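Before any comments, here is the structure.
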Amino acid sequence: DAKTTQPPSMDCAEGRAANLPCNHSTISGNEYVYWYRQIHSQGPQYIIHGLKNNETNEMASLIITEDRKSSTLILPHATLRDTAVYYCIVRGYNNNDMRFGAGTRLTVKP
Amino acid sequence: ETGVTQTPRHLVMGMTNKKSLKCEQHLGHNAMYWYKQSAKKPLELMFVYNFKEQTENNSVPSRFSPECPNSSHLFLHLHTLQPEDSALYLCASSQDGARTGGETQYFGPGTRLLVL
């Protein structure tokens, strides 16, 4: 599976949009981009995933570049409860293993 | 609430004890997983069950013994563990194992295990 690169930490003001980047320059055509988050000592929470097109759900939006080498997770109106570690995962076809890297620690500040 | 529950949430055990972790999913899924998350390390996939059959075992020591009696329940039996086995043990489920690609896994809250 392709490797992902994320900034180790980011801050965001409460009520503003949080834009979390992820680079996956070696992604192959059948690999999906997944985003999860983990609040301290809890299980990872699924946020969103996509293959080629941009995706939106009640939690977030996922923007994937046309060449698929990078993506951005957007939390449109961050709240204090969005403070967590956010993981970008590229997962290959027929692969059960969710390879969580170090992620980005997002801190939402009042 | 993800539809995946785990008990107990916290467990302290000695190296000679035998204990079991339980996972239950209420999502109608057919695949279940055990992961280990040690401090400051990424998640490590341990076992995969698909339709009650074990399909993956990622070189896990035999002191960890999984059991999947049906598609909704998954157990991890523990015996003669070592202090380095202390970690957060996470259960996940998905509709099916990775056959068609893009199967989303939903995680439980985890069991925090401390081995003394």
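To find a chain, count down the sequence lines: A is the first, B the second, and so on, and within it residues start at 1. Predicted model, so just to flag it, every value in this text is computed and none were measured.
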Worksheet entry | Proximity of B:Y106 and A:Y46 rings by center, below 6.0 Å | yes
Worksheet item: Checking A:R68 side chain against A:L51 main chain: does a donor-acceptor pair fall under 3.5 Å?
Response: yes
Discussion item. Taking A:Q6's backbone N and O only, do any of them form a donor-acceptor pair with A:T104's side chain (distance below 3.5 Å, no angle check)?
Written reply: no
Worksheet item: Should the ring pair A:Y36 and A:Y34 be called parallel, tilted or perpendicular, given that the plane angle runs from 0 to 90° and is split at 30 and 60?
Response: parallel
Fill in: Interatomic spacing from CG in A:N19 to CE in A:M10 - rounded to 0.5 Å
6.5 Å
Worksheet item: Out of curiosity, B:N58 CG to B:L45 CG, how far, rounded to the nearest 0.5 Å?
Response: 4.5 Å
Worksheet item: Pick from B:Q37, B:E44, B:Q6: which one has the most heavy-atom pairs with chain A under 4.5 Å?
Response: B:Q37
Item to complete: May I ask you to list the residues in residues 69-91 of chain B that approach chain A closer than 4.5 angstrom, counting heavy atoms only, ordered by number?
Response: B:L88, B:L90
Fill in: Test item: side-chain donor near acceptor, A:Y87 and A:T4, under 3.5 Å
no
Worksheet item: In Å and rounded to the nearest 0.5 Å, what is the CD to CD1 distance from A:Q45 to A:I39?
Response: 6.5 Å
Worksheet entry | Neighbourhood of chain A inside residues 107-116 of chain B, taking heavy atoms under 4.5 Å as contact | B:F107, B:G108, B:P109, B:R112
Fill in: Flag for A:N23-A:S25: side-chain donor and acceptor within less than 3.5 Å
no
Practice prompt. Kindly check if the number of other-residue, nucleotide or ligand heavy atoms within 6.0 Å of CZ (A:R16) is above 12?
Written response: no
